[in-house]
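Everything on this sheet refers to the single structure shown next.
The structure displayed is predicted, hence computed values, not measured ones.
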Amino acid sequence: MKGMGHLHNMRINAPHRKLMFDGSLTLVIDKSHTLELLGLLMTDCLVLLQKQDARYLLKPLTSEISASEPKAPVIMLTDMHLSTIDKREKRFIIMNKNPKTPNLYELRCNNKDQ
């Protein structure tokens with residue numbers, strides 16, 4: 001898949017990488033389609049795990065229903081720009097500025113404490 005080659009060699013549990021925060025998120029694909037995720041904020045990246053049955057998987061973010069372009073599930077913090085859409089609804093946009101995997105992610109926090 002285009003732009004996903006960097007995932008082959010990535011180790012989430014690398015010694016230099018520590019978990020800073022985790023929580024459930026919803027990726028807004030379009031007005032009628034969403035995807036449930038588990039977000040892992042590491043010291044140098046954001047990892048978005050896709051919920052499938054009772055498990056979370058590291059795979060390109062796509063919906064079976066929507067024909068949208070798959071999004072990379074790992075965004076390095078140095079390539080990320082964050083912008084708030086609505087503080088009350090806990091909605092925000094992340095822009096992945098990596099030239100190999102540029103994309104916009106509209107996310108919603110599922111918990112008011114996140």
Side-chain angles (χ1 to χ4, degrees):
M1 180 164 298
K2 177 184 154 199
M4 303 295 172
H6 66 284
L7 293 179
H8 281 296
N9 297 324
M10 181 162 187
R11 295 189 54 196
I12 299 297
N13 63 349
H16 70 280
R17 188 170 282 137
K18 295 197 182 343
L19 178 66
M20 306 296 287
F21 184 81
D22 67 274
S24 61
L25 296 168
T26 300
L27 175 66
V28 178
I29 296 170
D30 57 37
K31 289 188 185 261
S32 59
H33 299 105
T34 60
L35 197 57
E36 296 303 312
L37 305 173
L38 176 65
L40 305 175
L41 181 60
M42 310 298 273
T43 50
D44 64 342
C45 64
L46 175 64
V47 180
L48 300 171
L49 301 174
Q50 191 170 336
K51 188 173 185 177
Q52 185 174 340
D53 299 322
R55 310 179 306 176
Y56 287 97
L57 304 174
L58 179 65
K59 65 181 197 176
L61 304 174
T62 185
S63 170
E64 312 298 327
I65 303 165
S66 176
S68 66
E69 182 72 23
K71 300 176 187 301
V74 178
I75 306 168
M76 301 307 292
L77 296 183
T78 55
D79 295 332
M80 185 170 82
H81 177 75
L82 178 69
S83 180
T84 302
I85 297 174
D86 187 340
K87 288 183 181 182
R88 287 177 300 181
E89 291 185 22
K90 302 280 188 180
R91 290 179 35 207
F92 57 97
I93 288 180
I94 292 178
M95 181 179 9
N96 184 356
K97 300 184 296 182
N98 184 321
K100 293 181 183 175
T101 58
N103 226 318
L104 290 175
Y105 302 71
E106 183 180 336
L107 297 165
R108 184 175 57 227
C109 293
N110 297 332
N111 183 334
K112 65 180 180 181
D113 297 328
Q114 293 178 319

Rounded distance (nearest 0.5 Å) linking atom [atom1] of [X] with atom [atom2] of [Y]:
| X | Y | atom1 | atom2 | value |
| --- | --- | --- | --- | --- |
| Lys97 | Ile75 | NZ | CD1 | 11.5 Å |
| Leu77 | Ile94 | CG | CD1 | 9.0 Å |
| Thr101 | Lys71 | OG1 | NZ | 11.0 Å |
| Leu25 | Leu35 | CG | CG | 11.0 Å |
| Asp44 | Arg17 | CG | CZ | 4.0 Å |
| Leu37 | Gln50 | CG | CD | 6.5 Å |

- Hydrophobic cluster partners of Val28 (side-chain heavy atoms under 4.5 Å):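 Under the 4.5 Å side-chain rule, Val28 groups with nothing.
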- Task: May I ask you to list the residues sharing a hydrophobic cluster with Ile93, side-chain cutoff 4.5 Å, ordered by chain and number?
- Result: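 Listed partners: Ile85, Met95, Leu104.
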- Item | Tyr56: side-chain contact (heavy atoms from CB on, under 4.5 Å) partners, not counting sequence neighbours |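 Residues passing side-chain contact (heavy atoms from CB on, under 4.5 Å) with Tyr56: Leu38, Leu49, Lys51.
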- Just wondering, do Glu36 and Thr26 contact through their side chains at under 4.5 Å, heavy atoms?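 Yes; the side chains approach each other to less than 4.5 Å.
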- Query: Do the side chains of Asn98 and Met76 get nearer than 4.5 Å, heavy atoms only?
  - Reply: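 No. Closest side-chain heavy atoms not under 4.5 Å.
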- Query: Transitively linked via ILVMFWY side-chain contacts under 4.5 Å: Leu48 with Leu82?
  - Reply: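 Yes; Leu82 is reachable from Leu48 via cluster members.
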- Give a yes or no on whether Phe92 and Leu41 share a hydrophobic cluster (residues Ile, Leu, Val, Met, Phe, Trp, Tyr; joining criterion: side-chain heavy atoms under 4.5 Å apart).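 In one cluster with Phe92: Leu41, yes.
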- List the atom of Ala72, the atom of Tyr105, and the distance in Å for their closest heavy-atom pair.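 Heavy atoms of Ala72 and Tyr105 come nearest at O-OH, 2.7 Å.
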- Message: Can you give me the closest heavy-atom contact between Pro60 and Pro73, atom names plus distance?
- Response: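 Reported closest heavy-atom pair: CA-CD, 4.0 Å.
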- Item | Short side-chain to backbone donor-acceptor contact, Asp53 and Arg55, under 3.5 Å |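 Such a contact is absent between Asp53 side chain and Arg55 backbone.
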